[in-house]
Amino acid sequence: MGELRRGRISRREFVVRCVGMGLGLGTIGGLLAACGGREQAKPSATLASGDLGPIERELHIYNWSDYIAQDTVPNFEREFGVRVTYDTYESNEEMIAKLQAGATGYDIIVPTGYVVPVLVATGLIAPLHRKYLTNWGNVSPIFQNLPTDPGTVHTVPWQWGTSGVAYRRDKVSTTVDSWAVFFDRRLGGKMTMMDDAREVIGAMLRYRGHSLNSVDPAELARAKQDAIAAKPQLKAYISAPVKGQLVSGDVWIAQLWNGDTVQAQAEEPNVAYALPKEGCTIWNDSLCLPASARHPRAAHEFMNYILRPQVGAAISRATGYGTPNVAAAHLLEHPVAFPTEEELTRLEFPVDLGADTATWDQIWTEIKSA
Amino acid sequence: MRSRTPVGLAAVAVLVYAFLHLPILILVVFSFNASKFSAEWRGFTLEWYHRLLERTDVIHGLEISLIVAAISTVVSSVLGTLLALALARHRFRGRRAVEAFLYVPIVTPEIVVGISSLLLFALLGLPLGIATIVLAHVAFSLSFVVIVVRARLEGMDTSLEEAALILGADEITTFRRVTLPQLWPGVLAGALLGFILSFDDFLITSFVAGSGSSTLPLVVYGMARRNVEPSINAISTIILVVTTAVLYLAERVTRER
Amino acid sequence: MTEPRRRLLAWLQRRPAAQAWSLLGPGMLWLLLFFLIPLLIMAAYSVMPRGTYGGVQPGLTLEHYRRFFEPLYLAILRRTVIWSLGCTVVCLLLGYPVAYLVARAGRWRAVLLFLVVLPFWTSFLVRTFAMIFLLRDSGLVNTVLLRLGLIEAPLTLLYTPFAVLLGLVYGFLPFMILPIYASLEKLDPTLLEAAETLGATPMARFRRITLPLSLPGVVAGCFLVFIPAMGSFLTSDLLGGAKELMIGNLIQNQFAAARNWPFGSAASFVVTALVLVAVAAYLRVRDRAADQAG
């Protein structure tokens, strides 16, 4: 018992065994991976028809965190007699990765527009039954029939926003109306951009007058140069959490979403918001029905519920973002105004980049490594 | 005369403790600050604590986290101690391979562990929930426990065990009465590590948790990333207070025995 | 003792390998099922072409591994290794005294150990935000220094390498302290006393008695800090302003925005392989040293 002898094998034997084990296990792994491939549901481009049956007793919602009013779900539960389980996520990518890896159990998800075509192509979401969405007439035409969802077959718009520039008008004397502000050396160390490849590269593309969905190598190379030129002036790449430093004055200029700016303004009225003249992102998040949803009727009832003016208004009041619901917008005291015709010419919806996503990631890696 | 810890060493240790606890002190203090974002003290308030009471998601998240952490700590401590014993005390074919393999969970990035675990669970058709979280948590914390217990085992004096065996005790009794008490500080240290790994885990859990089984970190990360609100300070303060109280009580109880 | 137990033990006694595997069995089975197999699935992914919308397509390719060895990515790897080494060294310097104090603290041991671990009952994000609050331009440190008149303008502490190191060390200290404590706890104070009466200086006592005894804990602690530090990504984002990429950030991006799972898993396996090589080398050296020692 006291003797501890160490087994010794020759190095060559060790290597041989490792290789053998590796090949064997790799084959098993490959087989498992192949088995994992699922039957892809055929993507549909038309609204669903047919009957969904009576409303179920449960509903499982998977939404962004802090993206709803406190009483929306309890009121829905009470009125429809449905028990709601509400979970949250932090990013589209996390949600879509989870679904692509096979997670089920959710009846409603809330992807941003550019993710919707991906979800459709991979058969992860199902077309909606418009007949249950009796409040559909409240939806603004701006958010219908978008290129990311032709015919608005798969989505019910939830909230929308823009990605512009928030700034402290009491600290910054120059006019903030262009992406060029991020090249201004005098403001060095007081500015931030979002930690998001689409937003940063997109902003630089718009600065040069290109589309923020561009996959042209020359345009992207230029955007990369610009982003690297802006980097020394930046304090950090930080997204929504920059609010705190905007309020405290550590940061004077931040690329930020309008809803977050509104929240910062509540604490510090000197925070202002600008849509750069070269243009910027307008995005919208929508409710979608996962193909694996087990409570589709309850999901549709919830979608219809939030299309009510009072409910939609309450949600926007809580989040600070724009409501795509025209009737709800009328009820708000300080609505985030629908984009004007003029503004719409400058605003662009992001779309999925498909295979070029890898190119954009390479560029983002290079910017970060600069 | 008892040899005392050198003053310099003690001073560094005290500074490190201060370093560890300063951010905690701040977050506790600011859980009472009447301001959402600001660094300035804008008055004392219990508002954030009141808000917590309304947040059933936070309370539910805490429940789930505690259950998951408790189960996975116990499982990984037991399995990990057995593994450490086997590696330190026995020779067998493939021993070095097993040892090397135990380092893999530590180095594999959490996102790889998270997604691959989900792939497996989906393949097996396992519904996502507390069980899947525990399965994943034990899998990644086992190695930590093994390494800590192993460090304890190495150089541990085996003469007491040998004596027990000579005196007629069987292996199991020897383990229970002689080895385990000696090993205990290592097992405890490993268990503590395993607990905080499980309780604080975010990324892996976000992939393997199902609808309705969001742990506290999942809820808190949501509150913190989008909407930095002192409510998260409040929940952390409550956790600290409750933990301290529970452990204090546990200490009193065991001392009386 | 009961008959079945005696029969089982007798059976086991004749088979040393079975003894070992009965201890190994449950743990290894768990790891095999819930860690190894998922990992193998990932390994298979790493040699398949990227699917257009994420995930993979059928096929076989070494493209992702080849791509990882481009200078851009190797630079990221190098940077991460340096950071992780730095973090490990600082953790060792700061953690050893704490472990020593706790191990020698007698009846205060439980309390001190608890105090080491207590901060980690709060969430990582909350602690990090508290650090941001401490370090930012209008944060506590700067405010205090300004009030005391020690500085005239706020120091840039946040979004610097210093902040990242601070955050990493903070997060990994218990991983260093706990194993060293577990090792040091065995230290018999009478040994030190005897050495002192025999005339040994504190330095000599430390070098000849304490340090060798704690060495397994030190090594364990270094591994438990260095290896996960290689995979960390949130700290450099939150405290470093996301201006640099660690290998953890790169891999994270591949599974998230880049939707390039195969490249992400290839990168992750290269890092794993590197670490395993280092670990295997260490194990070889350790076994050889133990053999020589007796």
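Excluded from the calculations below are hydrogen atoms, water molecules and symmetry mates; all remaining heavy atoms, backbone and side chain alike, are included. Here is the naming used below: chain letters follow the sequence lines, and residue numbers restart at 1 for every chain.
With hydrogens and angles disregarded, no donor-acceptor distance shorter than 3.5 Å links the side chain of B:R152 to the backbone of C:S183. Between the side chain of C:Y100 and the main chain of B:A13, no donor-acceptor pair closer than 3.5 Å is present.
Using a 4.5 Å heavy-atom threshold, the side chains of B:F30 and C:F133 count as touching. Residues C:F233 and B:I111 fail the side-chain proximity criterion, which asks for heavy atoms closer than 4.5 Å. Contact annotation: the side chain of B:R96 approaches that of C:R284 to within less than 4.5 Å [non-hydrogen atoms, C-beta and beyond]. Put simply, the side chain of C:F269 does not reach to within 4.5 Å of the side chain of B:V112, judged on heavy atoms. With a 4.5 Å cut-off on side-chain heavy atoms, C:L125 and B:F202 do not count as touching. For the pair B:F199/C:F120, no side-chain contact is recorded, criterion being any heavy-atom separation below 4.5 Å from C-beta on. Residues B:L119 and C:Y45 form a side-chain contact, since some pair of their non-hydrogen atoms from C-beta on lies under 4.5 Å apart. C:T122 has its side chain out of reach of B:I239: every pair of non-hydrogen atoms, C-beta onward, lies at least 4.5 Å apart.
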Chi angles and distances behind the side chain to side chain contact (heavy atoms under 4.5 Å, CB included) call for C:M131, B:L22:
CA-CA 9 Å; C:M131 265 191 279; B:L22 186 57; over 6 Å; no
Are B:S236 and C:V126 close enough, and set up right, to give a side chain to side chain contact (heavy atoms under 4.5 Å, CB included), and what steps lead you there?
CA-CA 8 Å; B:S236 301; C:V126 175; 3.5 Å; yes
From CA spacing to verdict: ring pair (Phe, Tyr, Trp, His ring centres under 6.0 Å), C:F175, B:F144:
CA-CA 9 Å; C:F175 292 68; B:F144 287 85; 5.6 Å; yes
Might you work through the ring pair (Phe, Tyr, Trp, His ring centres under 6.0 Å) test for C:F223 and B:Y103, ending with a clear yes or no?
CA-CA 9 Å; C:F223 274 122; B:Y103 284 94; 5.0 Å; yes
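Most heavy-atom pairs under 4.5 Å with chain C, from the set B:V138, B:L15, B:T108: that is B:V138. With chain B as the partner, the residue from C:S268, C:G95, C:G231, C:G217 showing the most heavy-atom pairs under 4.5 Å is C:S268. Ranked by heavy-atom pairs under 4.5 Å with chain B, the first of C:I247, C:T190, C:L115, C:T272 is C:L115. Note: B:P105 leads B:A189, B:P105, B:P217, B:A136 in heavy-atom pairs under 4.5 Å with chain C. Taking C:L118, C:V117, C:T197 one by one and counting their heavy-atom pairs under 4.5 Å with chain B, the maximum is reached by C:L118. Taking B:L240, B:L83, B:N233 one by one and counting their heavy-atom pairs under 4.5 Å with chain C, the maximum is reached by B:L83. Taking chain C as the reference chain and counting heavy-atom pairs below 4.5 Å, the highest number among B:L27, B:V78, B:V104 is found for B:V104. Contact count against chain B (heavy-atom pairs under 4.5 Å) is highest for C:P228 among C:P179, C:G221, C:P228. Contacts with chain C were tallied for B:V16, B:L135, B:I26, B:L25; B:L135 has the most, counting heavy-atom pairs under 4.5 Å. When each of B:V14, B:I235, B:I24, B:V148 is checked for heavy-atom pairs under 4.5 Å with chain C, B:I24 comes out on top.
Here B:I106 contributes atom CD1 and C:M230 contributes atom CE; the two are 13.5 Å apart, rounded to the nearest 0.5 Å. Expressed to the nearest 0.5 Å, how far CG of C:L94 lies from OH of B:Y17 amounts to 13.0 Å. C:Y181 contributes atom OH, which lies 9.5 Å from atom CG of B:L192 (distance to the nearest 0.5 angstrom). The distance from the CG atom of B:L20 to the CZ atom of C:R127 is 9.5 Å, given to the nearest 0.5 Å. Here the CZ-CD1 distance, from C:F124 to B:I196, works out to 12.5 Å after rounding to the nearest 0.5 Å. B:I147 CD1 to C:L224 CG: the interatomic distance, rounded to the nearest 0.5 Å, is 4.5 Å.
In this structure, chain C has no heavy atom under 4.5 Å from any part of B:L183. Within the 4.5 angstrom heavy-atom criterion, only side-chain atoms of B:L203, from C-beta onward, approach chain C. For C:V219, no part lies near chain B; criterion is any non-hydrogen pair under 4.5 Å. For B:T244, the parts lying near chain C are the backbone and the side chain together; criterion is any non-hydrogen pair under 4.5 Å. For B:L118, no part lies near chain C; criterion is any non-hydrogen pair under 4.5 Å. Within the 4.5 angstrom heavy-atom criterion, no atom of C:L274 approaches chain B.
What you find for B:L120 and C:L33 is that their closest heavy atoms are CD2-O, 3.3 Å. Between B:G186 and C:A182 the shortest heavy-atom distance is CA-CB, 4.0 Å. Nearest heavy-atom pair across B:S117 and C:P38 is N-CB, 3.9 Å. Nearest heavy atom pair, residue B:I115 against residue C:M42, reads CG2-CE, 3.7 Å. Taking every heavy atom of both residues into account, C:L31 and B:A139 meet most closely at CD2-O, 3.3 Å. Taking both residues in full, the closest heavy atoms of C:L93 and B:V12 are given as O-CG1, 4.5 Å, listed atom of the first, atom of the second, then distance.
The interface of residues 21-30 of chain C with chain B, defined by heavy-atom distances below 4.5 Å, comprises C:W21, C:L23, C:L24, C:P26, C:G27, C:M28, C:W30.
Using a 30° and 60° split on the angle between ring planes, C:F34 and B:F121 fall in the tilted class, from 30° to 60°.
For an aromatic pair to be called close, the ring centres must be under 6.0 Å apart, and C:Y170 with B:F19 satisfies this.
Sorted by first then second residue, the salt bridge (Lys or Arg N to Asp or Glu O under 4.0 Å) pairs that include residues 97-109 of chain B, not counting sequence neighbours, are B:E99-B:R150, B:E99-C:R286.
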